[in-house]
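First up is the structure itself, then whatever we jot down about it.
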Amino acid sequence: MYQVTFSDQSLAELEKLDTLKQLELADMISGLSPEALKNPQGKVGVFQRGTKKLYRLRAGDFRIYFTVRAADQITCEVILPQHTLTDFVYRTKLPLAEDQIVEQHSTFWEYIDGLINRNKKP
């Protein structure tokens, strides 16, 4: 079990949620095993951002991005709602201000099409 610290952004996101959801997310991240981080698959992913190794945990309607600081310490860097433009931009490592680059990325249009199709009434 890991000791978890939260960035200002992740704390702010948690504070928007009801207490039970906060506890659920905290339990999910603190309950990760070292084996899950050594061989990320399923709900856990890993990618490099510069020199930093970031992990992603799919936690229900949220994506938790975190770093491992020590053998028993995790820092929750960012919590984002899934299927949002912010989550997409964070995952693709693009700064939010670079709208044109985002628009040129093929998955951006797939994301937009998915939103349109999901919101269409049958």
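Computation of the quantities below employed the complete heavy-atom set of this structure, encompassing side-chain atoms and omitting hydrogens, waters and symmetry-equivalent molecules.
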When clusters are formed by joining ILVMFWY residues with side-chain heavy atoms under 4.5 Å apart, either directly or through shared neighbours, do [X] and [Y] land in the same one?
X	Y	result
Tyr2	Val44	yes
Val68	Tyr65	no
Leu80	Met28	no
Leu23	Leu14	no

Mind listing the closest non-hydrogen atom pair of [X] and [Y] along with its distance?
X	Y	result
Phe62	Glu13	CE2-OE2, 4.0 Å
Glu77	Gln9	O-OE1, 3.9 Å
Cys76	Phe66	CA-CB, 3.9 Å

Distance-only donor-acceptor hits, side chain of residues 30-40, under 3.5 Å, sequence neighbours excluded:
residue : atom : partner : partner atom : Å
Ser30   : OG   : Ala26   : O            : 2.9
Ser30   : OG   : Asp27   : O            : 3.4
Ser33   : OG   : Ala36   : N            : 3.1

Next item on the list: Report yes if some heavy atom in the side chain of Thr67 is under 4.5 Å from a heavy atom in the side chain of Leu54; otherwise report no.
Entry: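 Result yes, sub-4.5 Å side-chain heavy-atom pair found.
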
Notebook entry, point to check: Can you tell me if NZ on Lys21 sees more than 12 non-hydrogen neighbours from other groups inside 6.0 Å?
Noted result: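 Atom NZ in Lys21 is packed in, count exceeds 12.
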
Checklist line | Asp8 atom CG, over 12 foreign heavy atoms within 6.0 Å | finding: no

Notebook entry, point to check: Can you name the side chain to side chain contact (heavy atoms under 4.5 Å, CB included) partners of Gln73, sequence neighbours left out?
Noted result: Gln3, Arg69, Ala70

Check: Hey, which of Ile79, Ile74, Ile64 is the one that makes side chain to side chain contact (heavy atoms under 4.5 Å, CB included) with Leu57?
Finding: Ile64

